[in-house]
Number of protein chains: 2
Amino acid sequence: MFWVYKISQAMATATVEDYLKRIYLEQAGSAGTANRAADGDAAGGLVAMGQLARVVGVAPGTATAMVKALADSGLVNYEPYAGVRLTDHGEKLALHVLRRHRLIEQFLVEVLDMDWSEVHPEAERLEHAISDRLLERIDAYLGRPRTDPHGDPIPTAGGRVARPERAALIDVRAGRRLEVTRVLDQSPDFLRAMARHGLRPGAKVTVARHDEAAGTVHLKLSSRRSVTLGEAAARKILVKTRRRSN
Amino acid sequence: MFWVYKISQAMATATVEDYLKRIYLEQAGSAGTANRAADGDAAGGLVAMGQLARVVGVAPGTATAMVKALADSGLVNYEPYAGVRLTDHGEKLALHVLRRHRLIEQFLVEVLDMDWSEVHPEAERLEHAISDRLLERIDAYLGRPRTDPHGDPIPTAGGRVARPERAALIDVRAGRRLEVTRVLDQSPDFLRAMARHGLRPGAKVTVARHDEAAGTVHLKLSSRRSVTLGEAAARKILVKTRRRSN
DNA sequence: AACATGATTTTGACTACCCAAAAACTCAGG
DNA sequence: CCTGAGTTTTTGGGTAGTCAAAATCATGTT
Ligand SMILES: [Mn+2]
Ligand SMILES: [Mn+2]
Ligand SMILES: [Mn+2]
Ligand SMILES: [Mn+2]
């Protein structure tokens, strides 16, 4: 006989919750950017094992074993040599973890005055330790916020997520009046750098020029400040166009 | 060769933290009540393995294995067939866990409006997930409180604990003007019952009569309410005598 | 001194992860 | 159709806990 990893009933462990959340984010992430139709194979939303192992931070074989166990408990569909996809049940659980993560981040920034660059690792642990009752108290205290400090949408208790599907700063024509809605990179250095330039959700900004030769995007902030971003950074700042007048 | 459970370097796991905290509480608890000198043997502060297994909630053999590992890492002194005692290093760690536990409880009650009967299990998980930075923010937000919702003293960041050493309600002479300082039973039912009677830390109370034949203690609250407690309950409510005047 | 009782320790086995490296598979190019 | 590079899976082994039950130990009687 060979070894079979088994997930017992009821309560998911922190590890299982993290795997599900990661699968969800990779699934959603690949749908968000410009592939999906551009993808060669028929792998609609399938997350490759190598990719999953990388984002979870484990060796490939570890991810394979875990995904088999998740499949046995009906949380994912697993196609060997192809990838994983969440089942409805798995997605529901993933969204619940994501809700906890983002509400915690928002609470830490809004109430406890922590910096948006440092709350992610904290929430990564707290999301597994907090009860539904406490989560509800936090949600109520914050007044049912829709987004976290990075502009990421907070799933509802019922498991719905707003899909803002905004444009990235790099895709926007010059001159448009914009508002930053979301920042896609959680790394502390990047977040601190953006905050230093005033580029947080809510910031009013206009693309002055996109210099494709130099690979830079020049911005004008509402504070009259000028900021120049590289294309990689400009791809990580999502914006919406602002209504004229107000 | 036989199996040796090993605690690796640096960060203690949640399990290790709970064992240390439990050993500390059993050690301190037995010193607090009326034994110590009344104890037959020379086991000054030694916690028996059976007792430890019971309070941690594991089988006796499990506790033995863990305690050996704790001893190997210098967190406890272990005398086979006699018991365990924390080393200075182990006590420091235990007090840090206890500090996290109690600050979290206080925060949940004061800020998030949870009931004092439900915060204990929540803190039992959160105490292992929270960073020192976040703990400091919580402490600051609360204004450096000295006690948690149950009146238990919060150890300082430096590892000092106030040892109030108050009298229990059952030991107090009738007529004295008293203030409830601490409630020693964390069970939700007990806490809810006491709260219903108005018996929380800060409550002003007087012993009207201690009926030893009936095994009851009759109280008068400052709200003029009369409450009758059994001796077991009266042993769990700690009080201090109030200064005359104010 | 010999027992009986209860507490403690040992043994053997299990769950839930994890990694390194070998084996197997896929797929694009030739 | 074959090959080789890159992925993925399998295999073998390790850590951190845990339990049930057998073996051992300490102690207070007779
Ligand atoms: Mn996590
Ligand atoms: Mn976030
Ligand atoms: Mn705990
Ligand atoms: Mn408490």
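Side-chain atoms are counted along with the backbone in the values below, which use heavy atoms only and exclude waters and symmetry mates. Lettering follows sequence order; numbering is per chain, from 1.
Sorted by first then second residue, the ring pair (Phe, Tyr, Trp, His ring centres under 6.0 Å) pairs that include residues 72-99 of chain A, not counting sequence neighbours, number zero. Sequence neighbours left out, the pairs with a member in residues 103-117 of chain A that pass salt bridge (Lys or Arg N to Asp or Glu O under 4.0 Å) are A:Asp113-B:Arg137.
C:dT15 atom C1' lies 15 Å from atom CG of A:Asp72, rounded to whole Å. Between the P atom of C:dT10 and the CE atom of B:Met66 lies a distance of 16 Å, rounded to the nearest Å. The distance between atom NZ of A:Lys68 and atom C1' of D:dT8, rounded to the nearest whole Å, is 10 Å. Per the geometry, CG belonging to B:Leu46 stands 11 Å off P belonging to C:dT8, to the nearest Å. One interatomic measurement links the two molecules: NE2 of A:His128 to C1' of C:dA16, which rounds to 15 Å at whole-angstrom precision. In this structure, the CD atom of A:Glu17 is 11 Å from the P atom of C:dC17, given to the nearest Å. D:dT10 atom C1' lies 13 Å from atom CE of A:Met49, rounded to whole Å. Atom CG in B:Leu52 sits about 14 Å away from atom C1' in C:dT9, given to the nearest Å.
Checked for salt-bridge contact, B:Arg85 and B:Glu79 meet the test: a charged N lies under 4.0 Å from a carboxylate O. The pair A:Glu122-B:Arg133 fails the salt-bridge criterion, with no side-chain N (NZ, NE, NH1 or NH2) lying under 4.0 Å from an Asp/Glu carboxylate O.
For B:Thr15, no side-chain nitrogen or oxygen approaches OP1 or OP2 of D:dA16 to under 4.0 Å. The phosphate of D:dT8 has neither OP1 nor OP2 within less than 4.0 Å of any side-chain N or O from A:Tyr78. Within the structure, a side-chain polar atom (N or O) of B:Thr62 is placed less than 4.0 Å from OP1 or OP2 of D:dC19.
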Scan nucleotides 25-29 of chain D against the protein and return all N/O pairs shorter than 3.5 Å with their distances rounded to 0.1 Å.
residue	atom	partner	partner atom	Å
D:dC25	O4'	B:Tyr81	OH	3.3

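Closest contact between the side chain of A:Ala59 and the listed nucleotides D:dT18, C:dC17, C:dC19 involves C:dC19. The nucleotide whose nearest atom lies closest to any side-chain atom of A:Thr64 is, among C:dT9, D:dT8, D:dC19, D:dT8.
Within 4.0 Å of A:Gly61, counting heavy atoms only, lies at least one base atom of the nucleic acid. Here A:Ala48 lies in heavy-atom contact (under 4.0 Å) with sugar-phosphate atoms only. Contacts of A:Ala53 with the nucleic acid, taken as non-hydrogen atoms under 4.0 Å apart, are absent.
For B:Asp139, the salt bridge (charged side-chain N to carboxylate O under 4.0 Å, His left out) test picks out B:Arg99, B:Arg144, with sequence neighbours left out. For B:Arg22, the side chain to side chain contact (heavy atoms under 4.5 Å, CB included) partners two or more places apart in sequence, or in a different chain, are B:Leu25, B:Leu52, B:Val55, B:Val56, B:His120, B:Glu124. Qualifying side chain to side chain contact (heavy atoms under 4.5 Å, CB included) partners for B:Arg54, counting only residues two or more places apart in sequence or in other chains: B:Gln51.
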